[in-house]
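What follows is one structure encoded as structure tokens, with my remarks underneath.
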Amino acid sequence: MSEDIKKTISELHIYEKKLLKELEANPDATPNRIASNTGMDIKSVMSAAGSLASKDIIEMRKDVQMIYSLTEDGLKYANQGLPERKILNVLAEKKQIPMKDLADEAGIDKKETGIALGWLRQKNWAQIDKGVINITDVGKDFAGKSDVDEKVLEHLKANADGVKLFADDLRDGFKKLTGRKNILNIKKETSHSFKILPKGEEILNVGFEIKEQATQLTHEHLKEGEWKSLEYRPYDIKAEAPVIFAGKKHPLRVIIDEIREIFLNMGFSEDNGEFVESAFWNFDSLFQPQDHAAREMQDTFYLKNPLTCDLPDDALVKLTAETHETGADTGSIGWQYDWSEDIARQSVLRTHTTGISTKHLFNHEPPIKMFSVGRVFRRETFDYKHLPEFHQVEGLVCDKGISYQNLLGTLKEFYKKLGFEVRFRPAYFPYTYLSTETEIYLEEKESWIELGGAGMFRPEVLRPLGIDQPALAFGLGIERLAMIRYDVEDIRMLYKSDIKWLRELPTVNGVEL
Ligand code: FA5
């Protein structure tokens with residue numbers, strides 16, 4: 001006996017053994033028959049069969065059969081005759097019927113006349129001429145004999161439990177009947193049959209005992225000493241176990257937590273802003289002129305409630321106004337327009353996190369190293385890389401000697417820690433100089449995708465805030481990082497709550513293990 005067979009036998013469950021023995025004695029036994037002969041329930045028979053089949057000991061065949069029976073209408077036709085038959089009966093006697101008298105003469109419902117005439121024509125039993133129905137020769141021939149579909153009706157009536165297959169001579173009639181509505185009930189019946197495979201034969205030749213085996217050692221077994229005489233079924237450590245989906249954080253939350261940890265480890269402290277912000281902090285403090293395109297209704301959500309926000313410190317507002325209008329003492333000539341307090345008071349859903357940076361600069365003394373993670377809002381049209389509500393991480397470093405090199409170095413380091421390799425591209429923001437955008441290559445789209453904007457704050461931003469040291473800042477999109485990390489082609493997937501996708505995502509920090 002091969003080792004393999006010995007091992008297979010030792011691992012057989014008692015139900016598998018019973019099933020195999022039963023199949024040996026009755027090769028054609030159905031699952032129900034096996035259940036009644038062995039005393040197993042049908043579920044155990046099927047599960048034992050599935051297990052034996054997975055080990056190539058038996059073959060399991062599934063047979064699906066249609067069972068046909070008559071509906072209520074079908075039975076009515078079988079008893080009283082099809083409507084065209086009722087007409088033919090009258091025609092056989094009278095040879096013709098005026099159309100207008102059809103329902104009454106034939107004793108059929110008015111609603112049925114259309115269908116009945118259709119079938120009369122199709123069967124070529126009658127012809128209509130100038131409002132009169134005349135019997136044809138074929139009609140005369142069928143007057144005293146059943147058509148094929150009528151034979152099937154008879155057959156189904158005689159076999160009220162249902163018919164699986166129709167004999168050859170009934171096939172055409174069956175086809176004809178399936179073309180009519182509401183006559184046939186169709187039920188699907190699935191049956192299983194088994195066949196012992198060579199490996200099963202070998203096992204039966206070697207033979208085995210059918211003996212209860214313990215699969216678990218219980219407290220009672222130990223207490224009563226029964227464990228000494230019990231026979232144990234060996235574990236199959238290769239058996240497939242059910243997949244368990246552990247509860248876990250949403251992938252976006254995972255990446256946000258990871259980003260926070262990276263910045264905290266890089267020595268940044270965290271600040272938070274508000275979703276509702278004044279246009280002053282969101283735009284004006286960033287030297288964005290009041291007629292800047294980004295402020296337009298298409299890009300920004302303006303709020304009715306609260307309609308306006310308070311402006312900060314008078315001196316800051318005055319200096320900001322001067323800088324916008326003339327450049328004040330920053331060395332620039334400003335935007336050359338009349339700055340309006342009313343526009344600065346408008347309340348908006350923040351369009352980026354950069355207002356947090358200017359507010360932070362105003363309220364803190366350098367050296368500063370701050371980051372902030374939060375939701376921002378834009379009137380965007382959805383597409384594979386745009387959402388109207390998304391997350392940004394803002395970063396700000398302000399100290400003596402801080403340079404553009406430090407900005408590139410910080411961003412490179414941050415992305416590297418997250419596992420991304422990025423490239424920098426020159427860019428424009430009204431509040432920074434030099435400015436850059438980080439990008440990453442998307443293989444599937446064969447294009448570069450923008451991850452974030454960054455730059456050195458201009459003097460026009462820093463002076464009014466009372467800062468006389470250089471400051472670097474950046475605002476990076478988080479959903480786009482998640483898209484790449486989790487290999488999602490469409491950013492909307494992150495908010496779809498697709499349970500299958502969420503379940504199957506790797507658990508630890510979203511990184512494939
Ligand atoms: C800004 O928001 C600037 N405030 C960044 C900045 C900060 C520049 C400090 C200089 C100094 P931008 O509009 O490009 O930049 O948005 C930054 C990132 O947010 C984008 O690169 C992108 O990754 C992400 N993002 C922008 N719009 C969307 C959107 N509709 N859906 C998803 N992510 C978006």
Side-chain angles (χ1 to χ4, degrees), residues 252 255-256 259 271 273 277 281-288 292-296 298-301 348-361 368 370-398 402 404 406-408 410-411 414-415 418 420 422-442 447-458 460-462 465 470-485 488-495:
L252 206 54
I255 212 161
I256 288 174
I259 287 171
D271 194 1
E277 193 48 278
W281 285 115
N282 196 70
F283 298 120
D284 295 281
S285 71
L286 286 158
F287 195 52
Q288 292 199 55
H292 192 276
R295 299 203 194 202
E296 303 255 327
Q298 306 91 282
D299 286 358
T300 307
F301 290 108
V348 301
L349 282 180
R350 65 179 181 195
T351 58
H352 55 179
T353 41
T354 312
I356 301 173
S357 278
T358 44
K359 217 184 223 180
H360 195 92
L361 282 169
I368 292 170
M370 180 283 300
F371 81 99
S372 183
V373 179
R375 238 167 226 247
V376 300
F377 309 85
R378 291 184 193 178
R379 291 183 61 140
E380 296 262 21
T381 315
F382 282 104
D383 67 24
Y384 79 94
K385 58 177 179 180
H386 287 100
L387 293 165
E389 213 181 307
F390 58 99
H391 289 79
Q392 282 189 339
V393 53
E394 181 74 15
L396 169 73
V397 182
C398 176
I402 287 295
Y404 188 62
N406 296 124
L407 172 63
L408 300 187
T410 307
L411 288 174
F414 163 71
Y415 282 114
L418 267 183
F420 294 104
V422 293
R423 78 169 185 187
F424 298 106
R425 180 166 75 69
Y428 170 78
F429 296 99
Y431 36 96
T432 49
Y433 181 82
L434 302 165
S435 310
T436 184
E437 259 163 10
T438 41
E439 293 183 328
I440 193 162
Y441 191 69
L442 278 191
S447 67
W448 290 86
I449 182 172
E450 189 194 309
L451 290 180
M456 303 300 296
F457 274 140
R458 300 175 69 100
E460 292 94 324
V461 173
L462 296 176
L465 299 169
L472 64 83
F474 48 85
L476 319 172
I478 296 184
E479 278 78 357
R480 298 226 179 134
L481 290 176
M483 255 177 100
I484 300 161
R485 154 80 64 88
V488 173
E489 277 194 32
D490 192 315
I491 199 163
R492 287 164 282 200
M493 185 70 183
L494 298 169
Y495 288 94

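First listed ligand is number 1; within each ligand, the first listed atom is number 1. If you read the sequence from its start, that first residue is 1, and numbering goes on from there.
Relative orientation of the Tyr415 and Phe420 rings is perpendicular, given thresholds of 30° and 60° on the angle between their planes.
Between atom CZ of residue Arg378 and atom CZ of residue Phe390 there is a gap of 4.0 Å, rounded to the nearest 0.5 Å. One distance of note links CG of Leu481 with CD1 of Ile255; it measures 5.0 Å at 0.5 Å rounding. Atoms CE and CD1, from Met483 and Ile491 in turn, are 5.5 Å apart once rounded to the nearest 0.5 Å. Put simply, SG on Cys398 and CE on Met456 are 9.0 Å apart, with the number rounded to the nearest 0.5 Å. The distance from atom CG of Asp271 to atom OG1 of Thr353, rounded to the nearest 0.5 Å, is 11.0 Å. Note that CZ of Phe457 is 10.0 Å distant from OG of Ser435, once rounded to the nearest 0.5 Å.
Distances shorter than 4.0 angstrom do not occur between any heavy atom of Glu479 and any atom of ligand 1. Within the structure, the closest approach of Tyr431 to ligand 1 falls below 4.0 Å when heavy atoms are considered.
Of all protein heavy atoms, the one closest to atom 2 (O) of ligand 1 is Arg378 NH2, 2.9 Å. The protein heavy-atom contact nearest to atom 5 (C) of ligand 1 is Gly453 O, 3.6 Å. Nearest protein neighbour of atom 20 (C) of ligand 1, counting heavy atoms only, is Glu450 OE2, 3.5 Å. Here the protein heavy atom with the shortest distance to atom 17 (C) of ligand 1 is Gln392 NE2, 3.4 Å. Protein heavy atom nearest atom 30 (N) of ligand 1, with residue, atom name and distance: Leu387 O, 2.8 Å. For atom 11 (C) of ligand 1, the nearest protein heavy atom (residue, atom name, distance) is Ala473 O, 3.5 Å. Of all protein heavy atoms, the one closest to atom 23 (O) of ligand 1 is Leu451 O, 2.9 Å.
Between Leu476 and ligand 1, a contact under 3.5 Å exists for no N or O pair. Remark: ligand 1 and Thr354 share an N or O pair separated by less than 3.5 Å (distance only, no angle test). Polar contact check, Gly452 against ligand 1: a nitrogen or oxygen pair lies under 3.5 Å apart.
Of all the atoms in ligand 1, the ones that sit under 4.0 Å from a non-hydrogen atom of Glu380 are 27 (N), 30 (N). Residue Gly475 has at least one heavy-atom neighbour below 4.0 Å for each of these atoms of ligand 1: 5 (C), 6 (C), 7 (C), 9 (C), 17 (C). The distance from ligand 1 to the heavy atoms of Thr432 drops below 4.0 Å at these ligand atoms: 10 (C), 11 (C). For ligand 1 and Phe474, the ligand atoms under 4.0 Å from any heavy atom of the residue are 7 (C), 9 (C). The atoms of ligand 1 that sit less than 4.0 Å from any heavy atom of Lys385 are 31 (N), 32 (C). Set against the non-hydrogen atoms of Gly477, the atoms of ligand 1 under 4.0 Å away are 18 (C), 19 (O), 23 (O), 24 (C).
When heavy-atom distances to ligand 1 are checked against a 4.0 Å cut-off, His352 comes that close only through its side chain, counted from C-beta outward.
Annotation for Tyr433: atom OH does not count as buried by contact number, only 12 or fewer foreign heavy atoms lying within 6.0 Å.
Between atom 22 (C) of ligand 1 and the options Arg480, Arg379, His391, Glu389, the minimum heavy-atom separation is to Arg480. In this structure, of Phe457, Phe429, Phe390, the residue bringing a heavy atom nearest to atom 29 (C) of ligand 1 is Phe390.
Of the options Arg480, Arg425, Lys385, a salt bridge (Lys or Arg N to Asp or Glu O under 4.0 Å) to Glu439 is made by Arg425 and by none of the others. The residue from Leu411, Ile440, Ile478 that alone fulfils the side chain to side chain contact (heavy atoms under 4.5 Å, CB included) condition with Leu451 is Ile440.
The closest donor-acceptor contact from the side chain of Arg423 to the backbone of Trp448 lies at 3.5 Å or more, if one exists at all. In this structure a side-chain-to-backbone donor-acceptor pair under 3.5 Å is present from Glu479 to His391.
With no hydrogens or angles considered, a side-chain donor-acceptor pair links Thr351 and Asn282 at under 3.5 Å.
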